[in-house]
There are 2 protein chains.
Amino acid sequence: MRVVLEEESLRDGLQAENRLFSLTEKMEIVRLLAEAGVRRVQLGSFVSPRSVPQVANTDVLVSLVRRQYPDILCTALVLNEKGLERAARSGLGHLSMSASVSDSHSRTNTGRSTAEALEAMTGLITRAVAGGIRVRAGLQCAFGCAEEGVIAENTVLEAVARMVEAGAQEINLADTAGMAGPLQIKRLVGLVRTAHPQVELSLHCHDTWGMGLVNLYAGYEAGVRIFDVAAGGLGGCPCIEGAGGNVATEEALHLFNGMGIETGIDLGRYWQVVRHFETLLERRLPGRMRSLPREPGGTAAPRC
Amino acid sequence: MRVVLEEESLRDGLQAENRLFSLTEKMEIVRLLAEAGVRRVQLGSFVSPRSVPQVANTDVLVSLVRRQYPDILCTALVLNEKGLERAARSGLGHLSMSASVSDSHSRTNTGRSTAEALEAMTGLITRAVAGGIRVRAGLQCAFGCAEEGVIAENTVLEAVARMVEAGAQEINLADTAGMAGPLQIKRLVGLVRTAHPQVELSLHCHDTWGMGLVNLYAGYEAGVRIFDVAAGGLGGCPCIEGAGGNVATEEALHLFNGMGIETGIDLGRYWQVVRHFETLLERRLPGRMRSLPREPGGTAAPRC
């Protein structure tokens, strides 16, 4: 049995940081990711460099990584026409798109209603797929948002159906507000899988209140095999002081290793990625793992 | 459906701290715990105050809490004859005892082999039960230890059988070294429940590598209904720098609240316990929750 982890640190992660990472710094991180065995990386966003300077170098980064690491499935976020054109020029064969199923969240974040955002995404998906690009359609706030509470499952299912109809090959359910619990994950995942058994399903869990890894595990139990993760739990929401971000890649690896589930990623080598980010950002990342899990026969057992 | 959370902050938690808490300080914490609805608290250990000064005031604390909070099930740790005598004098009707099923860990920690430790615990249980005290028998390292790796399930099952035979009414499986994963939890819990359906089973998960809450959830799924937790994830192992301790009570509450499972504890009020510990210890506790989960209709949704 195999699980695919999509590394989000270079996009979702760095987008939440004030420090800008140079192309050279990002390439060094990609090198460490590749050496650890990571094979799917979201490299950035094709959005305005003025509004998100953290991802200004996405076009060049994508070209370099595609050339130097042919084994890595490169992906990036596209939110509009112009971004799609840039993505197509960069030669990317796989893209992420995203809209929020919470109307309030969608308006706050993008100034558009959910209906408008979904309509726009449908058009983008159609065009991308016609151009031979695989699309993953992300639904933000699929498990609720603070303003609207739990989003009706039918709202999510209708949005999923529209994205699939438009040609999306993968649906990404995102717990943007970190509001999901394991039972909710299992229920919604079950409904989507039953409605669209042919479509790949991935989960993007935010660890806002410590539930990230539990939700990821519940997603696995419900049949999901692609999960978004980020080194050290990078990401997080700038609106919530001290909030955790994505599920920490190293914790997901430790979980799956313990379950005997192959990820292709070596935890020991991946640990270098976490340390490297900590060095560059000059702080501890929010992930809970402070040292590599000990191997039997290693150091002394803790006294407790 | 109902779950019981046993609060470990005053024993397992404070034992890992250098700062000594006065009786008044402990009573203030008990007051906050009681107000939040906590109804089962491990108050300390009946061990030598010279070796563990953090719990030197256990006898008086137990008497005071029993008198002032008759609704709280008070418990404490007993490791030898002398401790049992002190516990009996304090009037406690419920005790925890503990031994390690990892021979190396047992020798490192107590200077005794597992066989010797289990033999001694059997004697203590028999005596306590004869005196009308309910005993919970804890098996440390039930899910492995760093020196010996995974402990054979038969070793654990044999130890469980001996404790049950001696009269223990509750078995506590402890992941002392934080090595368990959810599948291992489910498997061992299933085996113990099948072998001893009449015995109460509780779980003590350490969050050493971020797996605490996942393991607690897996335990719930496997049928466990009593879990050890500590405010802010207090506890932890002095041997592992930065390691998490127990599962944070507030995270367990958030998890069970989201699952619609009654704990009797109010998360909003419990939050005061976490903040109070942080004030006294003058640092952030390791738990991931940095603010109370927002209620729908509350503050603005995060932008992500």
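When reading the values below, keep in mind they use all heavy atoms of this one structure, side chains included, and skip hydrogens, waters and symmetry mates. If you're wondering where the values come from, they're calculated on a predicted model, not measured in any experiment. In the text below, chain A, chain B and the rest are named by the order of the sequence lines, each starting its count at 1.
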(request) Measure distances from Glu250(A) to the heavy atoms of chain B and classify the residue's part below 4.5 Å as side chain, backbone, both or neither. (result) neither
(request) Sequence neighbours left out, what passes salt bridge (charged side-chain N to carboxylate O under 4.0 Å, His left out) with Arg112(A)? Give chain and number order. (result) none
(request) Could I get the full list of side chain to side chain donor-acceptor pair (under 3.5 Å) partners for Ser104(B), not counting sequence neighbours? (result) Glu148(B)
(message) Does any backbone or side-chain atom of Gln184(B) lie under 4.5 Å from a heavy atom of chain A? Answer side chain, backbone, both or neither.
(response) neither
(message) Can you confirm whether Arg50(B) is buried at CZ, in the sense that more than 12 heavy atoms of other residues, nucleotides or ligands lie under 6.0 Å from that atom?
(response) no
(request) Could you grab the distance from atom CH2 of Trp209(A) to atom CG of Leu267(B), nearest 0.5 Å is fine? (result) 11.0 Å
(message) If you count heavy-atom pairs within less than 4.5 Å of chain A, which of Gly258(B), Ser100(B), Gly144(B), Pro182(B) leads?
(response) Pro182(B)
(request) Calculate, to the nearest 0.5 Å, the distance between atoms CD1 and CG belonging to Ile261(B) and Leu183(A) respectively. (result) 6.5 Å
(message) Nearest 0.5 angstrom please: Thr208(A) OG1 to Arg290(B) CZ, how far?
(response) 13.5 Å
(message) Measuring from atom CE of Met211(B) to atom CG of Leu213(A), what distance do you get when rounded to the nearest 0.5 angstrom?
(response) 6.5 Å
